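Quick notes on the structure that follows.
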Amino acid sequence: MKIEVARHSGFCYGVERAIKITEEANLGENSIYTFGPLIHNEQVVQKLEKSGIKAVDQVDEAQDGTLIIRSHGAPQSVLIEAETRGIEVIDATCPYVKKIQEKVNGFFNKGYAIIIVGDSNHPEVVGINGWCNNQAIIVNSIEDAEKVEDNGPTCMVVQTTFRYEIYEKILQVLENRIEEIVAYNTICAATSKRQNAALDLAKRVDAMIVIGGKHSSNTVKLAQICAGVCKNTYHIQTYFDLMVHFLEKCDKIGITAGASTPDWVIDEIIHKLEKADASP
Ligand code: F3S
């Protein structure tokens with residue numbers, strides 16, 4: 001059995017940075033809280049919990065400590081509330097997401113309507129919307145785009161992990177419906193690189209394993225992309241989920257992982273595959 005890991009997979013810059021910032025903050029005296037789970041990966045969140053770092057949903061739950069803003073970012077109101085309450089904040093928002101928030105805030109203050117292409121429930125989108133007074137129109141599909149009305153000059157941004165092919169089609173629809181639209185393709189390069197590498201690998205293997213949290217939007221998208229070209233695609237979270245007997249007749253297995261999947265989780269899965277292959 002040959003195992004090949006996609007050229008771009010696993011932790012992205014923003015996630016790695018947020019974890020480093022949080023771990024460093026935890027070396028100090030203060031209790032550390034993260035606004036929501038730091039990343040969409042249960043193993044990492046459990047590990048952080050064991051070291052005393054707690055995820056909270058409300059700002060006031062961090063009253064006695066330091067609040068970390070995760071890589072997805074947070075609405076402006078969270079920062080304002082923390083400041084009002086005198087809670088120390090460490091902002092670990094990914095710099096690429098921060099740029100989107102600033103763009104949206106700037107255009108909103110100039111009177112532009114804001115469109116965010118992405119999933120309205122995703123924390124990154126919720127966060128960005130919070131920088132334009134929660135007044136953005138969220139478009140997640142071509143059907144959504146077909147319902148958008150022209151509200152005058154409009155600024156459009158995209159969730160960093162959105163699928164480029166769908167974004168392109170949405171943009172076409174919106175450009176036909178809105179007279180003045182300033183569109184920024186804010187899909188993160190790490191996302192497109194990961195998606196292209198996964199697609200390329202999935203085309204060449206007998207089975208594809210996609211590793212990452214079930215709530216991780218970028219991992220779910222990787223699994224969808226791989227499943228489109230490789231019917232034996234399995235989205236798993238840890239080596240516990242790996243059913244090796246499904247892979248018995250496979251000569252070549254491809255592996256990719258979402259942006260919030262640490263290397264040690266990937267390594268454990270490779271190890272299990274190698275062990276199964278070596279056993280008679
Ligand atoms: Fe940032 Fe891109 Fe990762 S936006 S959090 S580096 S996927």
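Residues: numbered from 1 along the sequence shown. Not measured: the values here are computed from a predicted model. Atoms considered below: every heavy atom in the structure, side chains included; atoms not considered: hydrogens, waters and symmetry mates.
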So if you build clusters from Ile, Leu, Val, Met, Phe, Trp, Tyr with side-chain heavy-atom gaps below 4.5 Å, do [X] and [Y] land together?
X      : Y      : value
Ile87  : Val56  : yes
Ile142 : Ile181 : yes
Leu201 : Ile236 : no
Leu38  : Ile32  : yes
Tyr239 : Val210 : no

Between [X] and [Y] (side chain of the first, backbone of the second, donor and acceptor by atom type, cut-off under 3.5 Å), is there such a pair?
X      : Y      : answer
Asn41  : Ser260 : yes
Asn133 : Gln135 : no
Arg17  : Cys12  : no
Ser216 : Gly212 : no
Thr154 : Gly152 : yes
Glu61  : Gln58  : yes
Lys2   : Lys252 : no
Arg194 : Gly258 : no
Asp150 : Glu179 : yes
Asp241 : Gln237 : yes

With side chains defined as the heavy atoms from C-beta onward, is the minimum distance between [X] and [Y] less than 4.5 Å?
X      : Y      : value
Met208 : Asn232 : no
Lys103 : Tyr184 : yes
Val148 : Val139 : yes
Thr256 : Ile211 : no
Val157 : Val117 : no
Val59  : Phe35  : yes
Asn121 : Val126 : no
Leu273 : Ile255 : yes

Worksheet item: Hey, is Glu146 close enough to Arg177 for a salt bridge, meaning N to O under 4.0 Å?
Response: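 Answer for the salt bridge query: no.
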Worksheet item: Just one of Thr66, Ile68, Ile53 clears the side-chain contact (heavy atoms from CB on, under 4.5 Å) bar with Asn26, so which one?
Response: Ile53
With a 6.0 Å cut-off (strictly less than), is the heavy-atom count around [atom1] of [X], excluding the residue itself, greater than 12?
X      : atom1 : answer
Arg204 : CZ    : yes
Glu4   : CD    : yes
Lys47  : NZ    : no
Lys214 : NZ    : yes
Phe11  : CZ    : yes

Verify the distance criterion only: is there a donor paired with an acceptor across the side chains of [X] and [Y] at less than 3.5 Å?
X      : Y      : result
Gln101 : Lys98  : yes
Thr160 : Glu124 : yes
Ser217 : Lys221 : yes
Tyr164 : Asn196 : no

Worksheet entry | Residues Ile115, Ile138; criterion side-chain contact (heavy atoms from CB on, under 4.5 Å); working and verdict | CA-CA 6 Å; Ile115 293 178; Ile138 318 284; over 6 Å; no
Item to complete: May I ask you to check if Lys110 and Phe107 form a cation-pi contact, with NZ or CZ under 6.0 angstrom from the six-membered ring centre and within 45° of the axis?
Response: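 Judged by the rule (NZ or CZ under 6.0 Å from the ring centre, within 45° of its axis), Lys110 counts as positioned above Phe107.
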Measure across [X] and [Y] and return the closest heavy-atom pair with its distance rounded to 0.1 Å.
X      : Y      : result
Asn140 : Ile170 : C-CD1, 4.2 Å
Val220 : His235 : CG2-CE1, 4.1 Å
Gln159 : Ile187 : O-CG1, 4.0 Å
Phe162 : Gln195 : O-NE2, 4.2 Å
Asn218 : Thr161 : CB-CG2, 3.5 Å
Asp206 : Asp251 : OD2-N, 2.8 Å

Roughly how far, to the nearest 0.5 Å, is the [atom2] atom of [Y] from the [atom1] atom of [X]?
X      : Y      : atom1 : atom2 : answer
His72  : Cys94  : NE2   : SG    : 9.5 Å
Ile209 : Ile266 : CD1   : CD1   : 11.5 Å
Ser71  : Glu16  : OG    : CD    : 11.5 Å
Thr186 : Ile116 : OG1   : CD1   : 9.0 Å
Ile137 : Asn129 : CD1   : CG    : 10.0 Å
Tyr234 : Cys226 : OH    : SG    : 13.0 Å

Worksheet item: Checking side-chain contact (heavy atoms from CB on, under 4.5 Å) for the pair Glu274/Ile3: CA distance, chi angles, key distance, verdict?
Response: CA-CA 9 Å; Glu274 285 172 345; Ile3 301 168; 3.8 Å; yes
Practice prompt. Let me see the working for Asp64 and Tyr33 under side chain to side chain donor-acceptor pair (under 3.5 Å), right down to the final yes or no.
Written response: CA-CA 10 Å; Asp64 65 331; Tyr33 300 92; 2.7 Å; yes
Worksheet entry | side-chain contact (heavy atoms from CB on, under 4.5 Å) between Gln43 and Trp264, worked out | CA-CA 10 Å; Gln43 291 74 43; Trp264 51 270; 3.5 Å; yes
Discussion item. Is there a side-chain contact (heavy atoms from CB on, under 4.5 Å) between Tyr167 and Met156? Walk through the geometry before answering.
Written reply: CA-CA 11 Å; Tyr167 157 73; Met156 191 207 76; 3.3 Å; yes
Worksheet item: What do you reckon, are the aromatic ring centroids of His40 and His122 less than 6.0 Å apart?
Response: yes
Practice prompt. Given salt bridge (charged side-chain N to carboxylate O under 4.0 Å, His left out), test Lys169 with Glu165 step by step and report yes or no.
Written response: CA-CA 7 Å; Lys169 289 181 189 143; Glu165 300 71 35; over 6 Å; no
